[in-house]
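Numbers here simply count residues along the sequence, with the first being 1.
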Amino acid sequence: MTLTQLEIFAVVAARQSFTLAAAQLNISQSGVSHAIRALEQELGVALFERRQARIELSDIGTRLLQRAQAMLGLAETMRQEALDARGMKQGTLRIGSFGPTASVRLLPAILAAYRRAYPGIEVHVDEGPDHLVRQWLLERRIDVGFVVLPEEPFDTYPLLEDQMLALIPNDHCLTQQPAVRLEQLCRDPFVLTEAGSAEIVSRLFVAAKLQPRIRYRTSQLLSTLAMVARGEGLSIVAESSLPLGAARDLALRPLDPPVKRTVGLAVVDERIISPATRAFIELARTLPRNAAD
C-alpha cells in the first residue's frame, strides 16, 4: 500500500462519496475508485459498504481508518521535521477551535504572532463544538485543538481559566443576590447552549442531582443571550465566551459555590507532533494572556 492510497481512503471516508473525494483531491473519480479497489484487494477486506446514494465505512474499515490516519500523521510529521531542518520555511498546521473563548479570545492573537514568526507555514482552522474538536483530534483531521480541560486521553496544555456565570434577565428577582445556587436555576425555564460549555453545564446539574427545566436548546451563544434578555429563561455560560457589552442587556452572577473552567490546547501524542504544531503550542503558552483577551 502507498501513502497516496491511504490519503484517498481517508478523504473518501470523510466525504462519504467517491465524487466529492475526487473533487477535493483534484483527481478523476476512476482514479479514486481504482485506489480504493487496489487497497481492498491488498488487504483482503471491504473497506466500504456501497449504498444507493452514498457509501459508508465497514466495521473493519472504521478500525483501519484510525490506523491510516495515524500513519498519515506520522508521514506529515516526518515531512515537517525535514522542513524544520531547513528553518521551518514551509509546512502545514491544522487547528481545531470552538466557540467565542477559543475562536475570539485566544486564537486571533496567537495566530497573528504565529504568522509573524512562521510566515511560510500554511494554517488551516476548522471550527465546531468542543466535542467535535475532540473527534477531529482522534481522527487526525487536525494537529492541535482547543478543548476544555481536563481532557483524556490527550496531552494537554492549559491556557486560560475563567468561571461559569448564571445569565439572568435584568428584572428577575435573582439579580438581588451576589451569587446564584444551581437549585435556584431550576425554578424557571432553562436555555441550554449546545455548543461551548454544554457538557460542563449538564455535568453540574447531574452531579448536584438536579434537573433543570430545559425549554430551549440553542446552537449559538447569541441566541441564548437574546432569549435570556427577553425573559424567556435562565442559563449558564462561561465568562470568557461572553461578547463585550453583554452585561448591558442581562445580569451576570457567579455560581454558589463557584465553578471554574480551564481552556487549553490538546494533541493526541506530544511525542510525535510536528515542528509546526510544537511551535504553535510553545508560542500559545508564552503569549501574555492580556494579548489574547
Please tell me if the side chains of Leu182 and Ile236 come closer than 4.5 Å, counting only heavy atoms from C-beta onward.
yes
Using a 3.5 Å distance criterion without hydrogens, assess whether the side chain of Tyr114 forms a donor-acceptor pair with backbone atoms of Ala276.
yes
CD/Glu270 to CZ/Phe154 distance, rounded to the nearest 0.5 angstrom?
13.5 Å
Here the gap from Glu139 atom CD to Leu132 atom CG, rounded to the nearest 0.5 Å, amounts to 8.0 Å
Start with the C-alpha distance between Arg134 and Val147, add both sets of side-chain angles, then the distance that settles side chain to side chain contact (heavy atoms under 4.5 Å, CB included), and finish with yes or no.
CA-CA 7 Å; Arg134 297 196 300 270; Val147 297; 4.3 Å; yes
Run the side-chain hydrogen bond (donor to acceptor under 3.5 Å, both in side chains) check on Ser58 and Glu49 step by step: do they pass?
CA-CA 6 Å; Ser58 63; Glu49 295 178 355; 5.7 Å; no
Minimum heavy-atom distance Val133-Gly145, with the two atoms named
CG1-CA, 3.8 Å
For Ala279, is there any backbone N or O sitting under 3.5 Å from a side-chain donor or acceptor partner on Glu282?
no
Would you sort out whether Thr101 and Ser241 count as a side-chain hydrogen bond (donor to acceptor under 3.5 Å, both in side chains), showing the intermediate values?
CA-CA 5 Å; Thr101 300; Ser241 68; 4.8 Å; no
Group every Ile, Leu, Val, Met, Phe, Trp and Tyr by side-chain heavy-atom contacts under 4.5 Å, then state whether Met1 and Leu74 land in the same group.
no
Kindly give the heavy-atom pair with the smallest separation between Arg213 and Arg187, and that separation in Å.
NH1-O, 2.6 Å
What about Phe146 and Phe98, are their ring centers closer than 6.0 Å?
no
Quick one: do Ile272 and Leu6 end up in the same hydrophobic cluster if we chain Ile, Leu, Val, Met, Phe, Trp and Tyr together by side-chain heavy atoms under 4.5 Å apart?
no
First locate atom CD of Gln69, then atom CD of Gln66, and finally report the distance between them rounded to the nearest 0.5 Å.
7.0 Å
Indicate whether the side chain of Ser33 and that of Ser30 have a donor and an acceptor atom separated by less than 3.5 Å.
no
Any ion pair linking Arg261 and Glu161 (charged N to carboxylate O, less than 4.0 Å)?
no
Heavy atoms only: give me the nearest Arg50-Ile36 pair and the separation to one decimal.
NH2-CG2, 4.1 Å
Test item: Arg115 and Ile121 side chains (from C-beta on) under 4.5 Å apart, heavy atoms:
no
Looking at every heavy atom in both Ala10 and Leu65, which two are closest together, and how far apart are they?
CA-CD1, 3.8 Å
Heavy-atom count check: over 12 atoms from other residues, nucleotides or ligands less than 6.0 Å from His131 NE2?
yes
Where is the tightest heavy-atom contact between Arg94 and Arg141, given as atom of each residue plus distance?
NH1-O, 3.3 Å
Quick one about Ser103 and Glu127 (side-chain donor to acceptor, distance below 3.5 Å, no hydrogens or angles considered), yes or no?
yes
Does Thr156 reach the side chain of Leu265, with side-chain heavy atoms less than 4.5 Å apart?
no
Against Phe9, only a single residue in Val32, Leu47, Leu72 fulfils side chain to side chain contact (heavy atoms under 4.5 Å, CB included); can you say which?
Leu47
Atom pair CD1 (Ile110) and CG (Leu283), whose distance is rounded to the nearest 0.5 Å:
7.5 Å
Is atom CG of Leu3 surrounded by more than 12 heavy atoms (other residues, nucleotides or ligands) closer than 6.0 Å?
no
Minimum side-chain heavy-atom gap Tyr157-Val267 below 4.5 Å
yes
Between Asp256 and Val180, is a side chain to side chain contact (heavy atoms under 4.5 Å, CB included) present by the stated rule, with each step listed?
CA-CA 5 Å; Asp256 180 17; Val180 177; over 6 Å; no
Under the side-chain hydrogen bond (donor to acceptor under 3.5 Å, both in side chains) rule, what do Gln177 and Gln184 come out as? Steps first, then yes or no, please.
CA-CA 11 Å; Gln177 300 186 193; Gln184 293 176 300; 2.9 Å; yes
Quick one, Arg285 and Leu159 - any side-chain contact, counting heavy atoms below 4.5 Å?
yes
4.5 Å side-chain heavy-atom contact, Pro158 and Leu149
yes
Pairs under 3.5 angstrom only: tabulate donor-acceptor contacts from the side chains of residues 201-209 to other protein residues two or more places apart or in another chain.
{"from": "Ser202", "atom 1": "OG", "to": "Ala198", "atom 2": "O", "distance (Å)": "3.0"}

Separation between CG (Leu185) and CD (Glu183), nearest 0.5 Å, reads 8.5 Å
Using a 4.5 Å cut-off on heavy atoms from C-beta on, say whether the side chain of Leu43 contacts that of Leu64.
yes
Provide the closest heavy-atom pair for Ala102 versus Ser97 in the form atom of the first, atom of the second, distance.
CB-OG, 3.4 Å
Find the distance between CG (Leu111) and CD1 (Ile95) and round it off to the nearest 0.5 Å.
5.5 Å
Could you tell me if the side chain of Val237 sits less than 4.5 Å from the side chain of Met164, heavy atoms only?
no
Verdict with reasoning, Val228 to Leu234, per side chain to side chain contact (heavy atoms under 4.5 Å, CB included)
CA-CA 6 Å; Val228 174; Leu234 311 178; 5.5 Å; no
In this structure, would Leu25 and Leu20 fall into the same cluster of hydrophobic residues linked by side-chain contacts under 4.5 Å?
no
What verdict does the side chain to side chain contact (heavy atoms under 4.5 Å, CB included) test give for Glu40 and Val45, after you've listed the backbone C-alpha separation in whole Å, the side-chain angles of each residue and the deciding distance to 0.1 Å?
CA-CA 5 Å; Glu40 288 180 326; Val45 295; 6.0 Å; no
